[in-house]
J.: 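Structure in structure tokens, see below.
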Amino acid sequence: MTTVIVMPGTGSDADYAARVFGPAARAAGARIECLEPEANLVESYLTSIDEIADRGDRVIVGGVSIGAAVAVGWACDPAHAAQCDGVLAALPPWTGTPDDSLAALSARITADNLDRDGLEATVEAMVATSPAWLGSELSRSWRALHPRGLLTQLRAASTFVSPTLDDIAGLTAPLGVAVAPDDPLHPADVGRAWAHAAPRAAVAQAPLHEFGPAEHVLGDACWRALIAARNPR
């Protein structure tokens, strides 16, 4: 059986990743493993992927935002090529160094606010300036992750060096990318550039106003793109 290993975006958790990718994975007859962020964010993700892959199952790796970047980086390693049957990249945040990425800036600002004002004040300010669905989702995940090192996770994510286009050009597994044309934190051009660089890839769109209140829409789009990448016309 194929195991789908997925990672959430910054400030999000395994519960959200399960809602994004779970329906499509189960419909495809795959087992799904949703990784929970730890304080040592990237290292813990990579260790968990290795442990699951070492069980011997065929794996598909994926995630949202930085989760997608970690998944692509793992799959680009030639040592993992024989184990990986595909990559699901939802909302790629940036390529290479974060530089002026809005997603990285948002993570830094949130970390600064947590450090200065504390959890509840930061949650309250976020809710006041967010759509209702986003305020509800992040209120839940930030409170759940705060004891697990949320501030450290945010700082680690804001400086993470994502795979470069040259790295992605060496990807042997098919790559399914989902982009949101109305999401300013995750520019659709980044996802399209990833797909253009990969030898086998496809892109599907999932507008933020659609997957925001129905997160499975994002995972479904990613899965459609992966199928298209596997079976080019």
Side-chain angles (χ1 to χ4, degrees), residues 6-24 34-37 41 62-69 88-94 98 100-148 150-151 153-158 160 162 176-192 194 203-225:
V6 290
M7 294 156 281
T10 310
S12 187
D13 61 2
D15 180 86
Y16 182 75
R19 284 180 275 131
V20 170
F21 295 105
C34 303
L35 305 186
E36 197 72 78
L41 185 69
V64 180
S65 191
I66 190 173
L88 298 162
L91 310 179
W94 59 79
D100 57 353
S101 160
L102 292 181
L105 176 61
S106 176
R108 287 196 297 273
I109 290 173
T110 301
D112 289 345
N113 291 345
L114 282 169
D115 202 21
R116 183 185 65 242
D117 302 327
L119 176 63
E120 291 306 322
T122 301
V123 167
E124 183 178 347
M126 176 274 296
V127 169
T129 58
S130 300
W133 67 265
L134 182 60
S136 176
E137 181 61 38
L138 292 181
S139 295
R140 182 198 61 75
S141 65
W142 288 4
R143 289 187 175 109
L145 292 174
H146 192 254
R148 304 171 67 99
L150 174 60
L151 193 153
Q153 295 168 20
L154 291 163
R155 295 224 188 275
S158 71
F160 177 69
S162 185
V177 180
V179 300
D182 54 346
D183 182 354
L185 294 186
H186 303 93
D189 285 350
V190 173
R192 294 190 182 105
W194 283 23
V203 179
Q205 290 197 162
L208 178 62
H209 69 271
E210 291 183 8
F211 77 77
E215 48 278 335
H216 69 89
V217 171
L218 180 61
D220 291 352
C222 225
W223 199 271
R224 287 198 309 274

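Atoms considered below: every heavy atom in the structure, side chains included; atoms not considered: hydrogens, waters and symmetry mates. By convention here, the first residue in the shown sequence is residue 1. The structure displayed is predicted, hence computed values, not measured ones.
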J.: Has the side chain of Thr129 got a donor or acceptor atom that lies under 3.5 Å from a matching backbone atom of Met126?
T.: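 At least one qualifying donor-acceptor pair exists.
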J.: Would you check if Phe21 and Cys34 make a side-chain contact, meaning some heavy-atom pair closer than 4.5 Å?
T.: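 The answer is no, as the side chains (C-beta and beyond) never meet within the 4.5 Å cut-off.
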J.: Let me confirm one number: the CG-CG distance from Leu208 to Leu134, rounded to the nearest 0.5 Å.
T.: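 So the CG of Leu208 and the CG of Leu134 are separated by 8.0 Å.
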J.: Look up atom OG in Ser12 and atom CD in Glu137, then write down how far apart they are to the nearest 0.5 Å.
T.: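 Result: 5.5 Å between the selected atoms.
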J.: How far does CD1 of Ile109 sit from OG of Ser158, to the nearest 0.5 angstrom?
T.: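 It is 10.5 Å, given to the nearest 0.5 Å.
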J.: Using the rule given for side chain to side chain contact (heavy atoms under 4.5 Å, CB included), can you reason through Asp100 versus Trp94, listing the C-alpha separation, both sets of side-chain angles and the distance that settles it, and then say yes or no?
T.: CA-CA 9 Å; Asp100 57 353; Trp94 59 79; over 6 Å; no
J.: In Å, rounded to the nearest 0.5 Å, how long is the span from CG of Leu119 to CZ of Arg143?
T.: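 Rounded to the nearest 0.5 Å, the CG-CZ separation comes to 6.5 Å.
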J.: Does Glu124, at its CD atom, have more than 12 non-hydrogen atoms belonging to other residues, nucleotides or ligands within less than 6.0 Å?
T.: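 Counting neighbours around CD of Glu124, 12 or fewer heavy atoms of other residues, nucleotides or ligands fall under 6.0 Å, so no.
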J.: Given side chains that start at C-beta, do those of Leu138 and Ser130 come closer than 4.5 Å, heavy atoms only?
T.: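 In short, these two side chains do not touch, never coming nearer than 4.5 Å.
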J.: Quick test of your reading of the model: are Arg224 and Asp220 salt-bridged, counting only N-O distances below 4.0 Å?
T.: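 Salt bridge flag = no for Asp220 with Arg224.
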J.: Indicate yes or no: at least one non-hydrogen side-chain atom of Leu218 is less than 4.5 angstrom from one of Glu215.
T.: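 They are not in contact (no side-chain heavy atoms under 4.5 Å apart), so the answer is no.
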J.: Atom CZ of Arg155 and atom CG of Leu150: how far apart are they, to the nearest 0.5 Å?
T.: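 The CG atom of Leu150 is 10.5 Å from CZ of Arg155, to the nearest 0.5 Å.
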J.: Taking all non-hydrogen atoms of both residues into account, name the closest pair between Pro37 and Leu41 and its distance.
T.: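 It is CB-CD1, 3.7 Å.
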J.: Just by distance, do the side chain of Ser141 and the backbone of Gly11 share a donor-acceptor pair under 3.5 Å?
T.: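 A pair under 3.5 Å: yes.
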J.: For Ile66 versus Pro8, what's the shortest heavy-atom pair and its separation?
T.: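 Closest approach of Ile66 to Pro8, heavy atoms only: CG2-O, 4.2 Å.
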J.: Taking all heavy atoms of Phe211 and all of Ala180, pick out the closest pair and write down the distance.
T.: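 It is CE2-CB, 3.9 Å.
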J.: Please answer whether the main-chain N or O of Ser106 pairs with a side-chain N or O of Thr110 as donor and acceptor at a distance below 3.5 Å.
T.: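 Yes: the side chain of Thr110 pairs with the backbone of Ser106.
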J.: Could you tell me whether the side chain of Ser136 and the main chain of Ala132 form a donor-acceptor pair under 3.5 Å?
T.: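 The answer is no, because no donor-acceptor pair under 3.5 Å joins these two groups.
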J.: Compare every heavy atom of Ser65 with every heavy atom of Pro93, then report the nearest pair and how far apart it is.
T.: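 Answer, listing the atom of Pro93 first, then Ser65: CD-O, 3.4 Å.
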J.: Taking Gln205 for the side chain and Ala188 for the main chain, is one N or O donor matched with an acceptor at less than 3.5 Å?
T.: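 It does not hold such a pair.
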J.: For Asp13 and Ala144, work out which heavy atoms get closest and say how close.
T.: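 Shortest heavy-atom contact: OD2-CB, 4.3 Å.
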J.: Quick one: closest heavy-atom pair of Gln153 and Thr10, and the distance?
T.: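 What the structure gives for the nearest pair is O-CG2, 4.5 Å.
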J.: Does any N or O in the side chain of Glu36 come within less than 3.5 Å of the main-chain N or O of Ala14, such that one atom is a donor and the other an acceptor?
T.: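 Looks like yes, one N/O pair under 3.5 Å.
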